[in-house]
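Quick note: numbers below take in every heavy atom, side chains included, and nothing from hydrogens, waters or symmetry partners. Source: prediction; values computed, not measured. Naming convention: chains lettered A, B, ... in sequence-line order (proteins, then strands); numbering from 1 in each chain.
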Protein chains: 2
Amino acid sequence: MTPKLSQIKKDFTESLSQISRFWGFPKGMGAIFAVLYLSPAPIPLDEIVGLTGLTKGAVSTEVRTLARMGLVHRSSKLGDRKDYYEAETDFYTSIRSILKERQNSEFDRALRGVRETLEKLDSGSVSGDEAEIKFLRERLKALQEFFNAIDSLTNAVIKLDKLGISNVAKILNVLK
Amino acid sequence: MTPKLSQIKKDFTESLSQISRFWGFPKGMGAIFAVLYLSPAPIPLDEIVGLTGLTKGAVSTEVRTLARMGLVHRSSKLGDRKDYYEAETDFYTSIRSILKERQNSEFDRALRGVRETLEKLDSGSVSGDEAEIKFLRERLKALQEFFNAIDSLTNAVIKLDKLGISNVAKILNVLK
DNA sequence: TACTACATTTAGTAATTACTAAACGTAGTA
DNA sequence: TACTACGTTTAGTAATTACTAAATGTAGTA
């Protein structure tokens with residue numbers, strides 16, 4: 001039995017929805033990206049609505065966050081008031097912008113929290129058992145070093161392109 | 001005004017809870033890890049309950065997933081039926097096991113979905129417009145290559161240790 | 001064997017997040 | 001100016017996820 005193209009597309013959209021959810025994004029976001037990715041030409045919002053089954057409101061908001069992440073691009077045609085959307089096809093570009101996006105988020109706020117805690121301990125202004133303070137200082141310091149390592153790794157990855165990523169795996173294997 | 005140690009600990013726990021949520025884990029998990037990380041000795045489940053304000057049931061299940069991820073370790077003392085928990089302090093070890101954990105998850109299932117879709121297209125068994133099939137094949141292929149790159153990158157990182165991670169950032173900068 | 005001190009499971013609730021429907025805003029056209 | 005064709009916002013609902021309370025299971029001790 002030969003499967004229909006439309007079924008193939010639906011399967012793919014389903015897969016991307018799951019992947020989206022797995023990474024903590026709404027599954028609708030994955031679906032929207034999928035239909036855009038499978039479209040040879042930019043399509044207007046209403047068509048996304050038709051293809052995904054979501055409402056205009058949902059598509060409107062999620063397509064915006066996709067655009068902010070650099071995963072889709074919005075464009076418009078002269079003499080046509082519709083907005084048209086298309087998927088970014090260079091994933092290495094996308095990854096970079098997603099990482100950037102994440103860097104100035106709640107995550108960073110939390111990291112600053114840890115840093116500030118450590119500063120308080122280091123400043124000696126904290127009252128309490130000396131041995132315990134020493135212990136806490138060591139633990140927090142270790143955690144902070146780890147965060148810093150991740151941070152510089154992230155920054156390095158942000159600068160990578162396709163060639164870079166595929167080489168890194170090889171290099172890491174050599175390192176080991 | 002000199003802050004109290006207990007306040008410092010609460011702040012830290014709060015920060016880790018947020019970080020936990022940011023990465024798609026329950027905030028309770030972050031809190032549990034935090035109190036274990038700040039404890040100089042392994043502590044029993046009931047004490048975690050007291051320090052986090054969660055119930056026994058919640059701590060029981062979340063501590064188990066933390067253990068599966070390798071972020072905490074369970075131990076028991078002879079002649080004592082309590083289980084004791086302590087935090088893994090080598091984060092590089094933890095990262096490895098988290099990545100491993102994620103590799104055989106829903107995510108992988110979804111990736112297989114994409115692969116299978118592509119195989120169907122390649123096998124020529126799909127009926128539909130030839131030009132469109134060709135287009136879809138190209139797009140899916142590009143996506144799959146990307147996934148493969150990420151996959152081998154992940155595998156490489158799994159093999160890394162502390163030294164490795166801190167070097168990688170430097171190396172990546174040279175690459176660029 | 002029954003009791004005690006613990007951990008786990010389960011069934012239900014609270015909180016959060018994704019989404020819908022519909023009102024609203026706006027830019028272009030007549 | 002009013003109308004039309006679109007996008008956005010908002011207020012509420014559905015679905016999901018995190019959590020609680022309490023029943024159940026279990027290993028060790030008397």
Over how many whole Å does the gap from B:Glu47 atom CD to C:dC6 atom C1' extend? 15 Å
Going 5' to 3' along nucleotides 16-30 of chain C, which nucleotides have protein heavy atoms under 4.0 Å from the base (write B), which only from the sugar-phosphate (write S), and which from neither (write -)? -SSSBS-----B---
If the plane angle is over 60° it's perpendicular, under 30° parallel, otherwise tilted; pick one for A:Phe91 and A:Tyr37. tilted
Both A:Lys82 and A:Arg64 contact DNA chain D. Which one's nearest nucleotide lies toward the 5' end? A:Lys82
Counting only N and O atoms by type, is there a donor-acceptor contact under 3.5 Å from the side chain of A:Thr117 to the main-chain atoms of A:Gly113? yes
Using a strict 4.0 Å threshold on nitrogen-to-oxygen distance, state whether A:Glu132 and B:Lys9 make a salt bridge. yes
In this structure, CG of A:Leu121 is separated from CG of A:Leu136 (nearest 0.5 Å) by 6.0 Å
Distance-only donor-acceptor check, side chains B:Asp11 and B:Gln7, under 3.5 Å: yes
From CG of B:Asp83 over to P of C:dA7, roughly how many Å is that when rounded to an integer? 6 Å
How large an angle, rounded to 10°, do the end axes of the helix from C:dT1-D:dA30 to C:dA30-D:dT1 enclose when each is built from five base pairs? 0°
Answer yes or no: is there a side-chain heavy-atom contact under 4.5 Å between B:Phe25 and B:Met69? yes
CG of A:Leu51 to NZ of A:Lys10, rounded to nearest 0.5 Å, is 11.5 Å
Can you tell which of C:dT8, D:dT8, C:dT9 lies closest to the side chain of B:Thr61? C:dT9
Under a single-linkage definition using a 4.5 Å side-chain heavy-atom cutoff for Ile, Leu, Val, Met, Phe, Trp and Tyr, are A:Phe33 and A:Tyr84 assigned to the same hydrophobic cluster? no
